[in-house]
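First comes the structure, then the notes that go with it.
Per chain, numbering begins at 1; letters A, B, ... match sequence-line order. Nothing here was measured: the structure is a model prediction, and the numbers come from that model.
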2 protein chains.
Amino acid sequence: MARPSTAAETPEPADENYDLAEQVGFIMRQAAQRHVSIFNEIMGSDLTPTQWAVLARLYQDGGSSQNLLGRQTAMDAATIKGVVDRLLKRKLVQTKPDPEDGRRLIVELSPAGIDYTRELLPKAETVTKVTLAPLATNQRATLVALLKQLR
Amino acid sequence: MARPSTAAETPEPADENYDLAEQVGFIMRQAAQRHVSIFNEIMGSDLTPTQWAVLARLYQDGGSSQNLLGRQTAMDAATIKGVVDRLLKRKLVQTKPDPEDGRRLIVELSPAGIDYTRELLPKAETVTKVTLAPLATNQRATLVALLKQLR
DNA sequence: GGAATATCGTTCGTATACGAACGAGGATCA
DNA sequence: TGATCCTCGTTCGTATACGAACGATATTCC
């Protein structure tokens, strides 16, 4: 395509193979942005995708240590701390020390958090449906399978 | 699966269809995280994916107004401003007022930015290759095509 | 011309995301 | 037992990401 307009008309071809708009990373970032946008519309802007991941994980399998919870929801120790702190402030989650390991902090849903999560489950399913809506049914499974290989 | 451990043994089945680990959004977030990790390893931690997106876009098509640049690189006005500011501080980019529109700020690569971008192009291609490495050749095109439909 | 409307860039606040460093607690093994 | 190493949670700093609001400039339409 074009040379940068500030290039003093250097005739060097450089690398014309590279097109930003065709790189997986760039496309994936846009797809993720659309997904988050859909998430916010359906779930309401008072809950973020990462906060929901924590609630859903705790709902499915019960409490766990904070760092383990982070690993299960794809967040590092620093990130999960902030997420848990904000859920604590809203009393959707509660913590207690692990009696078997003085280093660990056990995080679990509060009773209010259980109700809240249960109420949101149908909406969370809708988020996935709407996100995948542009694809044909068989394409949806394909996409998920391919993305799983890229983790 | 399990009920939350803090649930007072409520026998209600709730929604057992929902498994966080199977939701596109969650899987896509993990795939994106791996991609960014690969990006950092190959490109070096002094440049972020979004900063690279700006450099690559300016290299391909020359300068443009800041907000348009943001749209082309999938960032809103607030985000692109921060990215441009940081690139300005490193003198990889330069700005000037648009003579035809007093509201616009034209952003373009500096001469140093042109050289810098050109040198990084091969590495950027490698980032895409490594990201897609787990997939068979024909799967790569499929994934990209499907992701494009989700923008 | 002038009012309504739209766009541009900026700023603020909040929420991921993560590298790096730190102290406290656990596990291993000589 | 004690030294070493690992893990856990915490804090700091930096960089996206984006909604919301703002003033300045353009455009549209009467």
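- The nearest whole Å value for the distance from the CZ atom in A:Arg71 to the P atom in D:dC6 is 15 Å.
- As rounded to whole Å, 11 Å separates atom P of C:dG26 from atom CD of A:Glu100.
- Looking at the side chain of A:Gln66, the nearest of the listed nucleotides D:dC18, C:dC8, D:dT10 is D:dT10.
- Separating the CE atom of A:Met28 from the C1' atom of D:dA17 is a distance of 17 Å, rounded to the nearest angstrom.
- The nearest whole Å value for the distance from the CD atom in A:Gln30 to the P atom in D:dT16 is 16 Å.
- Distance CZ (B:Phe26) to P (C:dA17): 10 Å, rounded to an integer number of Å.
- A:Val93 places a side-chain heavy atom less than 4.5 Å from the side chain of A:Leu109.
- In this structure, the CG atom of A:Asn67 is 5 Å from the C1' atom of D:dC8, given to the nearest Å.
- Between the CE atom of A:Met28 and the OG1 atom of B:Thr131 there is a distance of 6.5 Å, given to the nearest 0.5 Å.
- Considering only heavy atoms from C-beta on, B:Val24 stays 4.5 Å or farther from A:His35 through its side chain.
- At distances below 3.5 Å, at least one donor-acceptor pair connects side-chain atoms of A:Ser110 with backbone N or O atoms of A:Leu92.
- Side-chain contact check for B:Ser37 and B:Asn40: no donor-acceptor pair (N or O, by modelled atom type) lies under 3.5 Å.
- Along DNA chain D, the nucleotide nearest A:Arg104 and the nucleotide nearest B:Ala78 are compared for position; the residue whose nucleotide lies closer to the 5' end is A:Arg104.
- Within a heavy-atom distance below 4.0 Å of DNA chain C, the residues of residues 80-89 of chain A found are A:Val83, A:Arg86.
- In this structure, B:Lys91 places its NZ atom where only 12 or fewer heavy-atom neighbours from other residues, nucleotides or ligands lie under 6.0 Å away.
- To the nearest angstrom, P of D:dT14 lies 17 Å from CG of A:Asp76.
- Grouping Ile, Leu, Val, Met, Phe, Trp and Tyr by side-chain contacts under 4.5 Å, direct or through others, leaves B:Leu105 on its own.
- Heavy-atom nearest nucleotides on DNA chain C were determined for A:Arg103 and for B:Ser65, and the one closer to the 5' end corresponds to B:Ser65.
- Residues from residues 32-52 of chain A lying near DNA chain C, meaning a heavy-atom separation below 4.0 Å, are A:Thr48, A:Thr50, A:Gln51 in numerical order.
- With respect to the salt-bridge test (charged N to carboxylate O, under 4.0 angstrom), the residues A:Lys81 and A:Asp85 qualify.
- At distances below 3.5 Å, not a single donor-acceptor pair connects side-chain atoms of B:Arg151 with backbone N or O atoms of A:Arg34.
- Regarding B:Asp101, its CG atom lies at a distance of 7 Å from the C1' atom of C:dC8, rounded to whole Å.
- Residue A:Leu105 is the one, among A:Arg29 and A:Leu105, whose nearest nucleotide of DNA chain D lies closer to the 5' end (criterion: closest heavy atom).
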